[in-house]
Amino acid sequence: MEVLMGRELIVRGKVPGYRYSPGVVVGDTAYLAGHFGVDGEGKLVADEVAGQGRRALENLRSTLEAAGMGLADVVSMRVWLTTYDDMPAFDAVYGEFFETDPPARTAFMVERLPLGAAVELDAIAVRDSAEVKARLA
């Protein structure tokens, strides 16, 4: 990670040609930018929402790991779909990654997404620490 003005930029996994940080860590909290179902060259891995959703979740997990975190640290996720008809297929894939105690989640339908994607995900994660657990107990 690259530290900039009290923020740690997560530089792993940038999509070529786009100017953004995949995530920014401030303290114990990571704010993850929109993640798509793309490969290392920035190309969509599938035409359907299930394949794109699975890869987007894998990409999100990799970005978290670069920050020393994991999917268990995700407390909130937003899902952007181009049609709500895709929600059951996406939800089935989502359940593979969050089998128990899933994070809070909001879903939105939008007309279009960058790259012609069917799904985009962004998330907020908080490092699991003894201090945080003690405050919540």
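Keep in mind that the numbers below use all heavy atoms, side chains included, and drop hydrogens, waters and symmetry copies. In this chain, numbering begins with 1 at the start of the sequence shown.
- Side-chain atoms of D39 do not come within 3.5 Å of backbone N or O of L44 as any donor-acceptor pair.
- Residues D73 and V126 are not in side-chain contact: their nearest non-hydrogen atoms beyond the backbone lie 4.5 Å or more apart.
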For I124 and T29, what are the C-alpha separation, side-chain angles and deciding distance, and is it a side-chain contact (heavy atoms from CB on, under 4.5 Å)?
CA-CA 7 Å; I124 298 172; T29 305; 3.7 Å; yes

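- Around atom CD of E96, more than 12 heavy atoms belonging to other residues, nucleotides or ligands sit under 6.0 Å away.
- In this structure, the side chain of R127 engages the main chain of A67 through a donor-acceptor pair within 3.5 Å.
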Under 3.5 Å, which donor-acceptor pairs link side chains of residues 105-121 to any protein atom two or more places apart or in another chain?
| from | atom 1 | to | atom 2 | distance (Å) |
| --- | --- | --- | --- | --- |
| R105 | NH1 | D91 | OD1 | 2.9 |
| R105 | NH2 | D91 | OD1 | 2.9 |

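- Inter-residue side-chain proximity for V75 and P103 is flagged as unmet; no heavy-atom pair is nearer than 4.5 Å.
- Panel note: side chain T83, backbone D85; a donor-acceptor pair is recorded below 3.5 Å.
- The nearest pair of heavy atoms linking V45 to G51 is CG2-O, 3.8 Å.
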Between F36 and N59, is the side-chain contact (heavy atoms from CB on, under 4.5 Å) condition met? List the steps.
CA-CA 8 Å; F36 298 98; N59 291 344; 6.0 Å; no

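- Under the side-chain contact (heavy atoms from CB on, under 4.5 Å) criterion, E48 pairs with A46, A50, not counting sequence neighbours.
- I10 has its side chain out of reach of V24: every pair of non-hydrogen atoms, C-beta onward, lies at least 4.5 Å apart.
- Residues Y94 and M77 meet the side-chain proximity criterion, which asks for heavy atoms closer than 4.5 Å.
- Put simply, the side chain of F97 reaches to within 4.5 Å of the side chain of R54, judged on heavy atoms.
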